[in-house]
Amino acid sequence: MSFSSPIRCTRVALAAAGLLCSLHAAQAANVTLRVTVQNLAPANGVAFAPLHVGFGQGLFDAFNEGSAANAATVSIAEGGSGSAWQPAFAAAEPMATRGTIGGLLLSGATASMNFTVNTALNQFFTFAAMVVPSNDHFIGNDSPTEYHLFDTAGNLLLSQINQDATDIWDAGSETTDPLAAAFVGTNSLRTAQNGVVSFNFSELSAYNGLTTGAGYVFNNNLTANTAIYRIGFEVLAVPEPSSAALALVGLFMVGGLARKRLRS
């Protein structure tokens, strides 16, 4: 009888165990995350353009309070398209996961989207959306490391991000003019303001009494502590073991039976 057989069986079992651990680590690194957004603002008040999001390493700094808004932020604040925001994020962080959630979000409405995020690489969350009606107002995070979403083990650190009226930014890039404001005027008309990014929600009262693109008459209705927006995070259940993992279980069983026969 050859004594190399049990050694070979042990090696097979160890190799299988190592491969199974590798598969588990890969599953832990890649998480399916559901992001749900909700407009909490009072009825007939502010709405929001689609939310632009990115999961990255905390390198993409979209804007800074007290400084002039760059092209990336202007593309969010003045039109909601993010036509420069998304490419700027991709250039700063090529390995980031990015996307856009929902369409125009009216009061009480929600929207959701699922993302596959490599939590070993992309642990920080960045977002931006235009507030309408406005000429250049938006919500978003000033610091790229403000929202640390995952730890190194892939655990979710935040369940939600809440925004109040005091979190509304004025990009300072376009003069307030109801005739040229998105959602109540002709958005292609604009007058440069040449200001800086700052918090400002009271300026939205300039659009009171105007009929919006959704058909309701706008009323700002915001005070400093009024809740306006929520971003929720939920890690979806880990999928069942793949066929490769099941095959590894089979290898363990084969190895165990072989060792049993050699002992008998």
Side-chain angles (χ1 to χ4, degrees), residues 30-56 60 62-63 72-73 75-90 96-119 122 124-134 136-141 144 146-147 149-150 156-169 171 181-184 187 201 204 207 212-216 218-222 226-237:
N30 291 292
V31 167
T32 299
L33 182 72
R34 175 168 294 166
V35 182
T36 301
V37 297
Q38 182 179 8
N39 182 345
L40 303 175
N44 301 322
V46 294
F48 297 89
L51 184 73
H52 295 272
V53 302
F55 305 86
F60 174 56
F63 66 93
T73 296
S75 73
I76 293 286
E78 291 191 12
S81 70
S83 58
W85 192 91
Q86 290 284 356
F89 202 134
T97 295
R98 298 173 293 104
T100 305
I101 304 174
L104 179 66
L105 202 69
L106 301 177
S107 175
T110 63
S112 297
M113 187 171 179
N114 293 346
F115 298 88
T116 299
V117 181
N118 183 334
T119 61
N122 298 317
F124 294 93
F125 177 72
T126 290
F127 69 96
M130 184 182 188
V131 178
V132 293
S134 79
D136 61 350
H137 286 63
F138 69 103
I139 56 172
N141 53 304
E146 182 174 355
Y147 297 110
L149 196 59
F150 293 100
L156 190 63
L157 300 177
L158 295 174
S159 60
Q160 62 185 29
I161 295 171
N162 293 306
Q163 298 281 280
D164 295 335
T166 52
D167 295 311
I168 294 176
W169 295 99
F183 206 39
V184 291
N187 197 37
F201 72 88
L204 298 174
Y207 314 109
T212 67
Y216 64 87
F218 180 74
N219 188 341
N220 187 10
N221 274 332
L222 295 179
T226 303
I228 60 167
Y229 203 81
R230 177 179 295 133
I231 307 170
F233 305 100
E234 177 190 5
V235 173
L236 301 185

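Note that the structure is predicted; figures quoted are calculated from it, not measured. Values reported hereafter were calculated over all heavy atoms of this structure, with side chains retained and with hydrogens, waters and symmetry mates removed.
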Would you mind reporting whether [Y] and [X] have side-chain heavy atoms less than 4.5 Å apart?
| X | Y | result |
| --- | --- | --- |
| Gln38 | Thr110 | yes |
| Ile168 | Leu204 | yes |
| Val184 | Thr212 | yes |

Reference residue Leu149; test side chain to side chain contact (heavy atoms under 4.5 Å, CB included); the match among Val31, Leu158, Ile161: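 Of Val31, Leu158, Ile161, side chain to side chain contact (heavy atoms under 4.5 Å, CB included) with Leu149 is met by Leu158 alone.
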
Given Phe150, which of Leu157, Asn122, Thr119 fulfils the side chain to side chain contact (heavy atoms under 4.5 Å, CB included) condition?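 Among the candidates, only Thr119 passes.
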
If you round to the nearest 0.5 Å, how far is [atom2] of [Y] from [atom1] of [X]?
| X | Y | atom1 | atom2 | value |
| --- | --- | --- | --- | --- |
| Phe201 | Ser134 | CZ | OG | 14.5 Å |
| Phe48 | Leu40 | CZ | CG | 8.0 Å |
| Leu51 | Leu105 | CG | CG | 9.0 Å |
| Ile228 | Asn39 | CD1 | CG | 8.0 Å |

Got a sec, which residues hit side chain to side chain contact (heavy atoms under 4.5 Å, CB included) with Asn221, two or more places apart in sequence or on another chain?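 Asn221 satisfies side chain to side chain contact (heavy atoms under 4.5 Å, CB included) with Pro42, Asn219 once adjacent residues are dropped.
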
Is there a donor-acceptor contact under 3.5 Å from the side chain of [X] to the main chain of [Y]?
| X | Y | value |
| --- | --- | --- |
| Ser107 | Asn44 | no |
| Tyr229 | Ala41 | no |
| Asn30 | Thr116 | no |
| Asp136 | Ala77 | no |
| Thr73 | Ala62 | yes |

[X] versus [Y], closest heavy-atom pair with distance:
| X | Y | value |
| --- | --- | --- |
| Gly102 | Pro50 | O-CB, 3.3 Å |
| Gly56 | Ala96 | CA-CB, 4.1 Å |
| Ile76 | Met130 | O-CB, 3.1 Å |
| Gly45 | Phe218 | C-CE1, 3.3 Å |
| Phe63 | Gly140 | CZ-O, 3.9 Å |
| Gly82 | Pro87 | O-CD, 4.0 Å |

Suppose we screen for side chain to side chain donor-acceptor pair (under 3.5 Å). Which residues come up paired with His52, at least two apart in sequence or across chains?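 Gln86, Thr100.
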
Using the side chain to side chain donor-acceptor pair (under 3.5 Å) criterion, which residues pair with Ser112? Sequence neighbours excluded.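 Testing Ser112 for side chain to side chain donor-acceptor pair (under 3.5 Å), a comparison that skips the adjacent residues, returns Thr36.
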
Residues in ring pair (Phe, Tyr, Trp, His ring centres under 6.0 Å) with Phe89, at least two apart?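 So Phe89 forms a ring pair (Phe, Tyr, Trp, His ring centres under 6.0 Å) with Phe60, Trp85.
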
Mind checking what makes ring pair (Phe, Tyr, Trp, His ring centres under 6.0 Å) contact with Phe55, not counting sequence neighbours?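 Ring pair (Phe, Tyr, Trp, His ring centres under 6.0 Å) list for Phe55, sorted by chain: Phe115, Phe125.
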
Does the pair Ile231 and Val35 meet the rule for a side chain to side chain contact (heavy atoms under 4.5 Å, CB included), with working shown? CA-CA 7 Å; Ile231 307 170; Val35 182; 3.7 Å; yes

I would like to know whether Tyr216 and Leu106 meet side chain to side chain contact (heavy atoms under 4.5 Å, CB included); could you show each step before the answer? CA-CA 11 Å; Tyr216 64 87; Leu106 301 177; 4.2 Å; yes

Tyr147 and Phe233: aromatic ring centres closer than 6.0 Å?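 No, the ring of Tyr147 stays outside the 6.0 Å limit from the ring of Phe233, centre to centre.
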
Listing request: all side chain to side chain donor-acceptor pair (under 3.5 Å) pairs with a residue in residues 160-169, at least two apart in sequence or in separate chains.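 Only Asn162-Arg230 qualify under side chain to side chain donor-acceptor pair (under 3.5 Å).
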
Check step by step if side chain to side chain contact (heavy atoms under 4.5 Å, CB included) holds for Leu104 and Phe183. CA-CA 10 Å; Leu104 179 66; Phe183 206 39; 3.6 Å; yes

